[in-house]
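Notes follow once the structure below has been shown.
Chain naming here is simple, since letters A, B, ... match the order of the sequence lines and numbering starts at 1 in each. Just the heavy atoms: all of them, side chains too, but no hydrogens, waters or symmetry mates, feed the values below.
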Number of protein chains: 2
Amino acid sequence: MSDKLKRVAIIGSGNWGSTIAKIVGNNIKKFGTFENEIKMYVYEEMIDGKKLTDIINQEHENKKYLPGHKLPDNVVACADVAESAKDADILLIVLPHQFIERTCSTMKDQIKRTAFAVSFSKGFYVNKDKKVELISAVINRQLDIPCYVLMGANIANEVAAGTFCEATVGSRNYEHAQLIKGLIQTDEFRIVIKPDTEVIEVLGALKNIVAVAAGFSDGLGFGDNTKAAVIRLGLKEMVKFCEEFFPGHHPQIFLESCGVADLVTTCYGGRNRRVAEAFVKTGKDIKTLEEEMLNGQKLQGPDAAAEVMEWLKSKGQTNKFPLFSAVHDICERRLEPKLLLEALRHHPEYW
Amino acid sequence: MSDKLKRVAIIGSGNWGSTIAKIVGNNIKKFGTFENEIKMYVYEEMIDGKKLTDIINQEHENKKYLPGHKLPDNVVACADVAESAKDADILLIVLPHQFIERTCSTMKDQIKRTAFAVSFSKGFYVNKDKKVELISAVINRQLDIPCYVLMGANIANEVAAGTFCEATVGSRNYEHAQLIKGLIQTDEFRIVIKPDTEVIEVLGALKNIVAVAAGFSDGLGFGDNTKAAVIRLGLKEMVKFCEEFFPGHHPQIFLESCGVADLVTTCYGGRNRRVAEAFVKTGKDIKTLEEEMLNGQKLQGPDAAAEVMEWLKSKGQTNKFPLFSAVHDICERRLEPKLLLEALRHHPEYW
C-alpha cells in the first residue's frame with residue numbers, strides 16, 4: 001500500500017447514506033489511514049428555501065433524510081457527483097438501486113484507476129436489454145473498478161442512534177476488506193467479512209420478496225406458525241436461488257447478518273411486510289399503497305419479485321420457486337392472496 | 001410390516017398432547033393402517049368436581065388444557081400410564097421434560113419389544129449423576145425401543161385451530177418415519193423427515209436460551225437491529241454446539257422448521273422472550289415471574305441455559321459460547337442484563 005492517505009467519497013445521502021457518513025466521518029478522525037475530508041454526493045433539493053447541501057455543510061445535519069443526528073464536520077456535501085467521486089480511493093455507493101446506472105455513468109470519467117467501490121444497495125437492476133444484473137455488477141461494468149458489498153440487518157435510524165448491530169461485507173480481496181472494516185466498524189456496528197460477494201448481495205434483494213409473503217400472511221390473519229413457515233420456505237428458496245445461479249459459496253453464508261438476520265428483521269419490522277399486509281386488508285393495489293404509505297417511494301419487494309420471475313423464466317426454473325412465483329402473481333392481482341397457502345402446501349420442500 | 005393393525009398411544013395430554021391427539025385421531029379414521037382406538041394417558045386431576053379423564057371421555061374435550069377443541073371420539077383418556085402404553089406399537093410421548101424419566105419408568109414393563117416412540121418434548125434432562133441427556137436418549141434408555149423426535153415452529157393452539165404450519169421429524173428409519181408422517185401430516189400440518197435426530201432435538205432445547213436473550217434485548221429497549229444480531233449470534237452458537245457435540249449432520253438442518261423457524265417464532269412470540277423482557281423491566285427473579293406470569297409453570301430457557309453450561313463446563317468449552325454464558329449469568333443475577341452487550345461485542349464471530 002502507498003503511504004499517501006486514502007481518500008473516501010460517499011455517493012448518496014439518503015437515510016442510509018447519511019448514517020454511513022456519520023459513522024465513517026467519526027472513524028476517519030480516529031485513524032491516520034485516511035484523508036480527513038470526505039465528500040458526500042447529495043442530490044440537490046430545496047428545503048424551506050435553502051439548498052440541502054448548504055444545510056448539511058452549515059448545520060452538519062441532513063435535515064431531510066436523517067434529522068436529529070449531527071454529521072461530523074469532515075463530511076462535506078457536494079451536489080456534483082463527478083466532483084464528489086474525483087480522486088477518491090474508496091467509493092461508498094449508497095443510492096436507491098434505480099439511480100445506480102445513471103449516477104455511475106455521470107461519474108465514470110473521474111474515477112481513479114486504483115479505486116474500489118462498496119455497494120450498499122439491496123435489489124437487482126434490470127438493464128436496457130431486460131437482463132437482470134446485480135448492482136455491484138452494474139457499478140463494476142460502469143466504473144471498471146472492483147465493487148464489494150455491505151449488507152445486513154441494519155435499519156438506518158437505529159444504526160445512526162448507535163444501538164448494537166452487525167453487517168456482512170462481501171469481498172475476496174483481503175487488503176480492501178480490511179480497509180472497509182476499518183472505515184465502518186465501531187464498538188456498536190460489527191463487521192464480518194465473507195468472500196461470497198454475489199450471494200451476500202442476492203440475499204439482500206431476495207429477502208424483500210419473502211417479506212411481502214410474510215406481510216400477506218399477516219394480512220390474512222394466519223398467525224405465528226404460518227408466518228414462521230412462510231419465512232422458512234422463503235429462506236429455502238433464497239438458498240435454492242443461490243445454489244442454482246451462484247454456486248460455490250459457503251453453505252453457512254445464510255447464517256450471516258446478510259442472510260437470516262436481515263430476513264427476519266424485514267419480515268417482522270420492515271415496510272415490505274407492512275405494505276403487503278395493507279394490500280390484503282384494503283384490497284388496494286401496490287402503486288396506490290406506495291403513494292399512501294411511502295410518499296410515493298417504490299417498494300422493493302414487488303419489483304424484486306418481478307425481476308426474479310424474469311430471471312427464472314429465462315432459465316426455465318419458475319416451478320422450483322413457488323413462493324416467489326405466488327408473491328409476484330398476488331402483487332399483479334393474478335392470484336387471490338389466500339392462495340399463497342396453496343404454494344406453501346405443495347412446496348417442493350414436502351416432496 | 002405385519003398385516004396386524006398398528007396401535008397408537010399418546011402419553012401426555014397437555015396443550016400439545018391434546019393437539020396431537022386431535023390430529024392423530026382424525027387421521028387414523030381416514031386410513032386402514034392403524035387400530036381405530038387411541039389411548040391417551042392423562043394425569044388425573046379434578047376439574048369442577050369431575051375427573052379430567054371422565055370429562056374427556058364424555059365430552060370429547062380437554063377442558064383444562066385445550067378448551068374449545070373437540071377431540072375425535074376414538075381418543076380414549078386413561079389415567080393409568082402403563083395401561084395406556086400396553087400393546088402400543090407407536091408411542092407418541094408428549095410430556096413436560098421433567099416428567100419423562102419418572103413416567104417412562106412406570107410404563108417400561110408394559111412396552112411391546114417391537115414398538116417405537118416419538119418424543120415431542122423440547123429440553124434437556126439432567127439425570128441423577130448430573131449428566132445432561134437428550135430426552136429421546138432417556139426414553140430409549142428407559143423403554144429400550146427406538147425413539148424419534150418431532151420438533152418445529154408449532155404453537156399448539158394454532159396447530160389445533162388448523163392454521164398452516166410445518167414440523168421436522170428426525171428419524172433414520174425410513175419405514176418408521178413414513179408411519180409417523182402418515183399419522184401426523186395433514187393438509188395444514190406438513191412434515192419434513194430428516195435423519196439428524198439428535199441435532200433436531202438439541203435445536204429445540206437451545207432455541208429457548210436464545211429466546212431469553214432476545215427477551216433481555218427487548219427489555220433493555222435495544223430495537224430491531226440488536227434483536228436480529230442476538231438471534232443470529234444465538235443461532236450461530238446453536239450451530240457451533242451441534243458441530244462440537246453432534247457432528248456429521250447435514251449443514252442445512254438449521255434451515256428446517258426445527259431450526260430457524262422455531263427459533264424465530266420463539267424469539268418474537270414465545271413465553272421465554274416475554275418473561276425475560278419482564279425480568280429486565282421489573283427486576284424480579286425468574287422464580288417470581290414464573291409464579292406471576294405462568295401460574296408457577298417452569299420456564300424452559302433458564303433451565304436449558306443452566307444445563308448447557310454444566311455440559312460446556314464438563315468439556316472445557318464455555319468460552320466458545322458467550323451468549324449462552326451471558327444468559328445463564330444474567331438469569332442467576334451474577335451479571336447485569338445490559339452486559340449482554342459485552343458478550344455480543346466481543347463475540348468470536350467478530351474475531
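- Between B:Ala228 and A:Ala153, the shortest heavy-atom distance links the atoms CB-CB, 3.6 Å.
- The residue among B:Cys267, B:Gly223, B:Pro251, B:Gly269 with the most heavy atom pairs within less than 4.5 Å of chain A is B:Gly223.
- Chain A forms the most heavy-atom pairs under 4.5 Å with one residue out of B:Asn225, B:Leu344, B:Asn154, and that residue is B:Asn225.
- Ion pairing between B:Glu256 and A:Lys236 holds under the 4.0 Å rule for side-chain N and carboxylate O.
- Most heavy-atom pairs under 4.5 Å with chain A: of the set B:Thr265, B:Asp224, B:Thr163, this distinction falls to B:Asp224.
- A:Tyr350 and B:Glu166 share a side-chain donor-acceptor pair at under 3.5 Å.
- In this structure, the portions of A:Val159 lying under 4.5 Å from any heavy atom of chain B include both its backbone and its side chain.
- Heavy-atom distances place both the backbone and the side chain of B:Val264 under 4.5 Å from chain A.
- In this structure, SG in A:Cys258 is found 8.5 Å from CZ in B:Arg232, a value given to the nearest 0.5 Å.
- When each of B:Leu255, B:Ile193, B:Ile231 is scored by its heavy-atom pairs under 4.5 Å with chain A, the top score falls to B:Leu255.
- At a 4.5 Å heavy-atom cutoff, the contact between B:Ile155 and chain A is made by backbone and side-chain atoms alike.
- Judged by distance alone, the side chain of A:Glu349 and the main-chain N or O of B:Val192 form no donor-acceptor pair under 3.5 Å.
- A distance of 6.5 Å separates CG in B:Leu341 from CD in A:Glu188, rounded to the nearest 0.5 Å.
- Per-residue heavy-atom pair counts under 4.5 Å with chain A were compared for B:Lys181, B:Lys227, B:Gln252, and the maximum is reached by B:Gln252.
- Looking only at distances, a side-chain donor or acceptor of B:Arg190 sits under 3.5 Å from a matching main-chain atom of A:Arg345.
- At a 4.5 Å heavy-atom cutoff, the contact between A:Phe164 and chain B is made by backbone and side-chain atoms alike.
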